[in-house]
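Excluded from the calculations below are hydrogen atoms, water molecules and symmetry mates; all remaining heavy atoms, backbone and side chain alike, are included. Letters go in sequence order (proteins before strands), and every chain restarts at 1.
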Protein chains: 2
Amino acid sequence: MENKRLILVTNDDSILSKGFTAAIEVARHFGEVVAIAPETVQSGMSQAITMYSPLFLRKVREEAGVTVYGFTGTPVDCVKMAFDHLLRDRKIDLVISGINHGSNAAVNVLYSGTMGAAIEGSFYGCPSVGLSLTDHGEDADFEASILWGKRIIADLVHRIDEIELPLCLNVNVPVGRPEQIRGMRLCRQNKGYWREEFFHHEDPRGRDYYWLTGEFINREPEAEDTDERALAEMYVSVVPVQVDLTDYGQLEKLGNILK
Amino acid sequence: MENKRLILVTNDDSILSKGFTAAIEVARHFGEVVAIAPETVQSGMSQAITMYSPLFLRKVREEAGVTVYGFTGTPVDCVKMAFDHLLRDRKIDLVISGINHGSNAAVNVLYSGTMGAAIEGSFYGCPSVGLSLTDHGEDADFEASILWGKRIIADLVHRIDEIELPLCLNVNVPVGRPEQIRGMRLCRQNKGYWREEFFHHEDPRGRDYYWLTGEFINREPEAEDTDERALAEMYVSVVPVQVDLTDYGQLEKLGNILK
């Protein structure tokens with residue numbers, strides 16, 4: 001038997017979400033699992049950290065090879081808590097974040113708490129995979145995403161010594177039964193953005209309130225190498241994610257403008 | 001007189017912060033100002049959006065050429081509220097986010113609510129500038145950062161037609177009096193990360209709590225072209241920011257590993 005790996009699982013839909021349970025199912029296939037997720041829903045929390053409040057940690061359950069914690073912070077706080085406190089004296093081999101209820105393709109990678117946590121994992125020199133299913137529903141069918149999660153992670157784990165770090169993958173699985181998924185595609189992040197339509201009403205006390213709701217604008221529906229395109233064609237999309245936000249093209253051009 | 005520009009100002013330290021007032025001072029130099037910031041401190045909120053709560057908007061004050069709103073959402077929510085609701089029928093010429101109390105150089109760009117808002121502004125096709133001062137203090141001295149903010153934005157505005165969009169700048173100003181700042185440098189984002197030391201105590205009810213506190217590890221102190229280096233040498237650092245997180249290098253390499 002090979003050495004037991006240690007896998008950190010996290011999530012942004014809280015310890016109560018079906019997707020968190022699904023990610024633990026993927027992870028336990030590869031080793032011992034420590035899972036830590038927010039106590040409440042933290043969708044859309046991006047790479048947020050909690051600077052001005054104390055945080056509370058709770059062991060939710062412990063069973064053979066799986067220990068689950070709830071934490072009152074953000075998804076990134078969960079990752080920091082795991083690496084810098086809970087598992088400080090152990091080596092974490094892999095971070096799995098998800099399985100998210102909803103797509104993190106295209107620009108969603110920037111708003112996503114799931115991907116925020118996966119990116120954070122990669123900062124600790126650990127291969128990190130964010131898994132998402134393009135279905136927001138609480139009762140989404142995770143069967144295909146569990147299957148593809150296991151398949152992709154098996155490939156990574158199998159050739160872990162050849163992988164150059166940092167490595168962070170943004171994996172999205174289209175809605176469908178396993179037999180409807182046509183395969184996997186390595187692709188780039190689609191260029192697109194959200195336009196919002198604030199839902200605007202009066203609350204029971206007569207105060208106006210706004211509620212964010214929006215529409216995704218795909219600026220390049222014709223491009224064949226994007227994650228959005230892969231998903232539209234029923235492929236699992238895999239985008240490697242980096243965190244150097246420097247726009248090197250602009251760096252050249254701005255030399256003439258800013259003196 | 002040239003046509004009146006419309007400048008959107010936002011911030012992550014709240015409408016009550018000194019830095020928000022400083023950013024309004026920079027902006028009013030260039031046109032009419034609409035300023036909207038969170039009602040409470042939102043430092044470290046990254047690109048977070050509020051999906052599961054209603055939000056409340058309030059006009060705080062209106063004076064010659066400056067209208068100020070408080071919003072109960074995140075910095076990114078503020079930008080969305082401005083573009084998609086408040087100023088929906090007008091053309092915004094420039095977004096200024098800040099002036100942040102604290103550095104947003106290096107990897108801080110990913111955690112920063114100030115930069116989250118600036119990036120969001122660039123999604124609306126508008127040149128966006130995040131301004132930060134490397135001093136967390138509530139009473140920080142913003143004189144040099146106001147001066148450099150005006151200088152950099154004057155350069156942009158002067159040659160606005162030559163600028164390729166999207167444009168988002170991460171501008172950081174070192175602590176010092178104006179005469180101590182040696183100039184401005186276009187640079188790239190430093191590669192570094194934070195390691196956390198959770199402050200761990202018991203609350204008055206006997207519950208353990210954790211409070212995030214950390215240390216920045218500069219992985220390349222010798223590199224001469226980074227923002228951290230510019231700041232250490234008393235230069236204002238300017239990093240153009242992009243939002244395509246695709247790691248194209250890994251995209252090539254992973255072709256052999258993920259099949």
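- For the pair B:Tyr52/A:Val41, a side-chain contact is recorded, criterion being any heavy-atom separation below 4.5 Å from C-beta on.
- Side-chain contact between A:Val243 and B:Val109 is absent, with no heavy-atom pair separated by less than 4.5 Å.
- A distance-only check finds no donor-acceptor pair linking the side chain of B:Trp211 to the backbone of A:Thr50 [under 3.5 Å].
- Nearest heavy-atom pair across B:Ser46 and A:Ser46 is OG-OG, 2.8 Å.
- Judged purely by atom type and a 3.5 angstrom limit, B:Thr246 has no side-chain atom pairing as donor or acceptor with the backbone of A:Arg188.
- For A:Lys80, the parts sitting under 4.5 Å from any heavy atom of chain B are the backbone and the side chain alike.
- Residues of residues 162-172 of chain A lying within less than 4.5 angstrom of chain B, judged on heavy atoms, are A:Glu162, A:Ile163, A:Glu164, A:Pro166, A:Leu167, A:Leu169 in numerical order.
- Each of B:Thr74, B:Val107, B:Asp84 has some count of heavy-atom pairs under 4.5 Å with chain A, and the biggest count is that of B:Asp84.
- Among the residues in residues 147-156 of chain B, those with a non-hydrogen atom closer than 4.5 angstrom to a non-hydrogen atom of chain A are B:Ile152, B:Asp155, B:Leu156.
- The residue among B:Arg195, B:Met115, B:Arg88, B:Met184 with the most heavy atom pairs within less than 4.5 Å of chain A is B:Arg195.
- Proximity of A:Val241 to B:Asp247: side-chain heavy atoms (C-beta onward) are nowhere separated by under 4.5 Å.
- Contact of the B:Leu254 side chain with the A:Pro240 side chain is registered, since non-hydrogen atoms from C-beta on lie closer than 4.5 Å.
- The local environment of CD in B:Glu220 is crowded, with over 12 non-hydrogen atoms from other residues, nucleotides or ligands closer than 6.0 Å.
- Under the 4.5 Å side-chain criterion, counting only non-hydrogen atoms from C-beta, B:Leu57 is not in contact with A:Asp208.
- Taking the ring pair (Phe, Tyr, Trp, His ring centres under 6.0 Å) definition, one finds that A:His201 meets it with A:Phe199, sequence neighbours left out.
- Atom CZ of A:Arg219 sits about 10.5 Å away from atom CZ of B:Phe123, to the nearest 0.5 Å.
- Here the straight-line distance linking atom CG of A:Leu110 with atom CD of B:Gln47 works out to 5.0 Å at 0.5 Å rounding.
- For chain B, no part of A:Thr72 is nearby; none of its heavy atoms comes within less than 4.5 Å.
- The choice from B:Glu120, B:Arg185, B:Gln42 that makes the most heavy-atom pairs within less than 4.5 Å of chain A is B:Glu120.
- One finds the CZ atom of A:Arg159 at 6.0 Å from the CG atom of B:Asn256 (value rounded to the nearest 0.5 Å).
- Chosen from B:Tyr193, B:Trp194, B:Tyr111, the residue pairing most often with chain A at heavy-atom distances under 4.5 Å is B:Tyr111.
- Using a 4.5 Å heavy-atom cutoff, the side chains of A:Leu245 and B:Val239 are not in contact.
- Taking each heavy atom of B:Val238 and A:Leu258 in turn, the nearest pair found is CG1-CD1, 3.9 Å.
- Taking 4.5 Å as the limit, some side-chain heavy atom of B:Asp203 sits within range of a side-chain heavy atom of A:Phe56.
- Among residues two or more places apart in sequence or in another chain, the side-chain contact (heavy atoms from CB on, under 4.5 Å) test is passed with A:His85 by A:Met81, B:Phe198, B:His200, B:Tyr210.
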